[in-house]
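Encoded as structure tokens, the structure appears first; notes follow it.
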Amino acid sequence: MGAGHAHKLYREGRSPVHALPPHCKIAAVFCFVLVVVSTPREAVWAFGAYAALLAGVAAAARIPAGYVLRRLLIEVPFVAFAVLMPFVAEGPRVEALGMSLSASGLWSAWNILAKGTLGVAASVLLASTTELRALLLGLQRLRMPSLLVQIASFMIRYGDVISDEMRRMRIARQSRGFEARGVRHWGVLASSAGALFIRSYERGERVHLAMVSRGYTGTMPVIDDVTASRTQWAHAAALPLTALAVCLTGWMLP
């Protein structure tokens, strides 16, 4: 996979959560999200229990609550959509705060907010305790299609390169007195975007030729073979198994 690549979500640490192999954490988060999605929306207490489980993981990983909450802002567009549902959904109406709201819309909004927030929070904790390179190795270990892993690897590796190219082009435009202020400047921005696309395509061609000349045959060599012991798998499974017990209880209780 090449050299490591840091990302803004990762928070360096030496906690037990950081020490778990990446494929164990990916599998645990995936199963946890499946359990959360399978929980009946009427079991409100269950979602509180899930939040408590994630808070325990954050505490074990020494991730501050504010750090996680700031990164939950990514779900704001979905929150805006959920807030509209009680007003646009059909069905029986209920009165709340002087407004007529759809009962089914309220439940749907709660369902989206609760499950979406828990899923995003679990993903944030995964990204905060696992480096990008380790995530790719974990996906490879879980038998994710090799081509998808390679595409993700190149996206991560060259995303910063393209961003830096965009920054240099912006500086070049500004040094020549250009400043986009309206529609009449869109042509210049479109030309810049086209030039950036061509440069990126040419760079991709050169990278591919360089890889082929070094013996690339469609698969990347595995430099670090990440393994996990039974104890590590058991520690990682604690989160989804506890969540599963909560989910089954939620289905059994009236």
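We're numbering straight along the sequence, starting at 1.
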Between [X] and [Y], what is the shortest heavy-atom contact and its length?
X	Y	result
Ala27	Leu142	N-CD1, 4.3 Å
Val35	Ala243	CG1-O, 3.3 Å
Gly250	Pro40	O-CG, 3.9 Å
Ala109	Ala82	CB-O, 3.2 Å
Phe78	Ile112	O-CG2, 4.5 Å
Thr130	Pro22	CG2-CB, 3.9 Å

What distance separates [X] [atom1] from [Y] [atom2], expressed to the nearest 0.5 Å?
X	Y	atom1	atom2	value
Ser163	Met166	OG	CE	6.5 Å
Thr242	Phe32	OG1	CZ	10.0 Å
Ser153	Leu148	OG	CG	12.5 Å
Ser146	Leu139	OG	CG	11.5 Å
Glu12	His18	CD	NE2	8.0 Å
Met169	Ser191	CE	OG	9.0 Å

Same apolar cluster (I L V M F W Y, side chains within < 4.5 Å links), [X]/[Y]:
X	Y	value
Ile162	Leu189	no
Leu69	Tyr50	yes
Leu136	Phe30	no
Val124	Val79	no
Trp107	Trp45	yes

Under 3.5 Å, side chain of [X] to main-chain N/O of [Y], donor-acceptor pair present?
X	Y	answer
His23	Arg143	no
Ser200	Leu196	yes
Arg41	Thr39	no
Arg176	Ala172	yes
Trp251	Ser38	yes

Between Glu165 and Arg168 (salt bridge meaning N to carboxylate O under 4.0 Å), is one present in this structure?
yes
Under the side chain to side chain contact (heavy atoms under 4.5 Å, CB included) test against Lys115, which residue among Leu118, Leu113, Asn111 passes?
Asn111
Would a 4.5 Å heavy-atom cut-off, applied to side chains only, mark [X] and [Y] as touching?
X	Y	result
Arg11	Pro64	yes
Pro16	His235	no
Arg203	Val161	yes
Leu135	Leu126	yes
Trp233	Pro21	no

If you count heavy atoms of other groups shown closer than 6.0 angstrom to CG of Leu209, is the number above 12?
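Result for CG/Leu209: enclosed.
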Can you tell me if CD on Gln174 sees more than 12 non-hydrogen neighbours from other groups inside 6.0 Å?
yes
Take Thr117 and Phe47 through the side chain to side chain contact (heavy atoms under 4.5 Å, CB included) test and state the conclusion after the steps.
CA-CA 10 Å; Thr117 301; Phe47 297 101; over 6 Å; no
